[in-house]
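One structure is given below, encoded as structure tokens.
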Amino acid sequence: MSTKSDHIPRATIERLSVYLQVLENMQRQGIEVISSGPLAKACDVNASQIRKDLTYFGEFGVRGVGYNVRELIQSISRSLGIDHQWNCVLIGVGNLGKALLSHREFGRRGFNIVGAFDCDPFKIGEEFNGLEVVCTRRLKERVADLNVRIGFLTTPPERAQRAANHLVEAGIKGILNYAPARIFVPAEVHVEYVDFFHHLYSLAFNISVDKT
């Protein structure tokens, strides 16, 4: 992917995800063309911010007409690297892990969970949502066979670092960490944290401030 800048602000990437979600909803409603004003309102940003974010990736839209919704979805998907399928594995087949394995939206959006792993001998060999739970020690060979680039980490916090080590050793380049623990990986491995409590703390704080 070629861009006008070697450094795209993280906030821009996060907003692109919002734009994509809003545009997909518009496409489902049958909207074919949208101008920056209504799109900005739906995304809760200003129109100049949308135009600025999109200029990192090229020129979009027609002045006085707006954006073709289908084409903009394709362009943003290409910019985010989600215009193709990604194979993923999951470590930690507990309640949260099972919930994610059942979440069909991952597959619909091109993130295919093709392997489930756990170190619990009572879980190994079980089948869940069409996947057999495999011993984590076999992760490296399975990752190579399945062409996996992304790992979901859903272990208890005390096992998170060990699981992360297994993912790194297997050649995984991106980890989505649901475990309530910080993990340490080489610089070339990208980690994103899904911290439910972070958002709950923010909600609790904001509600408390509103009451004062």
Side-chain angles (χ1 to χ4, degrees), residues 1-3 6-10 12-14 16-17 20-21 57 76-199:
M1 177 183 68
S2 61
T3 66
D6 293 329
H7 177 69
I8 310 300
R10 181 181 177 87
T12 294
I13 300 300
E14 293 175 350
L16 283 177
S17 302
L20 185 61
Q21 183 183 64
F57 304 95
I76 293 178
S77 296
R78 186 166 56 251
S79 298
L80 290 173
I82 56 171
D83 56 336
H84 58 275
Q85 300 290 306
W86 291 87
N87 285 348
C88 313
V89 293
L90 180 145
I91 296 185
V93 192
N95 291 333
L96 178 56
K98 289 178 179 178
L100 294 179
L101 289 172
S102 300
H103 200 336
R104 296 185 178 181
E105 195 64 23
F106 288 114
R108 292 194 186 104
R109 293 184 177 272
F111 296 92
N112 304 309
I113 303 178
V114 296
F117 298 83
D118 205 293
C119 62
D120 186 342
F122 293 101
K123 294 178 182 176
I124 295 170
E126 288 187 350
E127 186 172 303
F128 190 81
N129 204 38
L131 293 175
E132 179 184 352
V133 180
V134 178
C135 178
T136 309
R137 293 181 179 178
R138 298 183 59 193
L139 178 66
K140 188 173 184 178
E141 64 180 84
R142 289 300 184 94
V143 163
D145 291 341
L146 297 171
N147 188 31
V148 174
R149 302 286 298 282
I150 295 174
F152 291 14
L153 204 163
T154 54
T155 66
E158 65 274 12
R159 296 179 184 172
Q161 186 60 57
R162 183 172 63 177
N165 294 343
H166 282 297
L167 289 169
V168 171
E169 291 168 4
I172 293 294
K173 295 302 181 184
I175 298 174
L176 189 61
N177 182 21
Y178 286 86
R182 292 283 148 173
I183 58 176
F184 300 92
V185 298
E188 66 271 16
V189 178
H190 304 278
V191 179
E192 292 288 340
Y193 291 89
V194 181
D195 189 339
F196 300 114
F197 289 106
H198 168 79
H199 299 291

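Every heavy atom of this structure was used, including side-chain atoms; hydrogens, water molecules and symmetry mates were not.
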Sidechain N-carboxylate O distance under 4.0 Å for Glu141, Arg138: yes
Looking at side-chain heavy atoms only, is the closest gap between [X] and [Y] below 4.5 Å?
| X | Y | result |
| --- | --- | --- |
| Glu188 | Lys173 | yes |
| Ser102 | Phe128 | yes |
| Gln85 | Asn112 | yes |

State, to 0.1 Å, how close [X] and [Y] come at their nearest heavy-atom pair, and which atoms those are.
| X | Y | answer |
| --- | --- | --- |
| Val189 | Gly174 | CG1-N, 4.5 Å |
| Val185 | Ala164 | CG1-CB, 4.4 Å |
| Val93 | Ala116 | CG2-CB, 4.1 Å |
| Cys119 | Arg162 | SG-NH2, 3.9 Å |
| Gly97 | Leu90 | O-CD1, 3.8 Å |
| Pro157 | Pro180 | CB-O, 3.7 Å |

Report the distance from atom [atom1] of [X] to atom [atom2] of [Y], rounding to the nearest 0.5 Å.
| X | Y | atom1 | atom2 | result |
| --- | --- | --- | --- | --- |
| Arg10 | Thr12 | CZ | OG1 | 11.5 Å |
| Glu126 | Asp118 | CD | CG | 9.0 Å |
| Arg159 | Asp120 | CZ | CG | 7.0 Å |
| Arg137 | Glu169 | CZ | CD | 12.0 Å |
| His103 | Arg108 | NE2 | CZ | 9.0 Å |
| Cys88 | Ile150 | SG | CD1 | 4.5 Å |

Flag, side chain of Thr154 to backbone of Ala179, donor-acceptor distance under 3.5 Å: no
Sole candidate of Trp86, Phe117, Phe111, Phe106 that passes ring-ring contact (aromatic ring centres under 6.0 Å, His included) when paired with Phe152: Phe106
Among Leu131, Asn87, Val89, Asn129, side-chain contact (heavy atoms from CB on, under 4.5 Å) partner for Ile113: Leu131
Reference residue Tyr178; test side-chain contact (heavy atoms from CB on, under 4.5 Å); the match among Thr155, Leu153, Leu100: Leu100
Enclosure of Asp145 CG (heavy-atom neighbours >12, cutoff 6.0 Å): yes
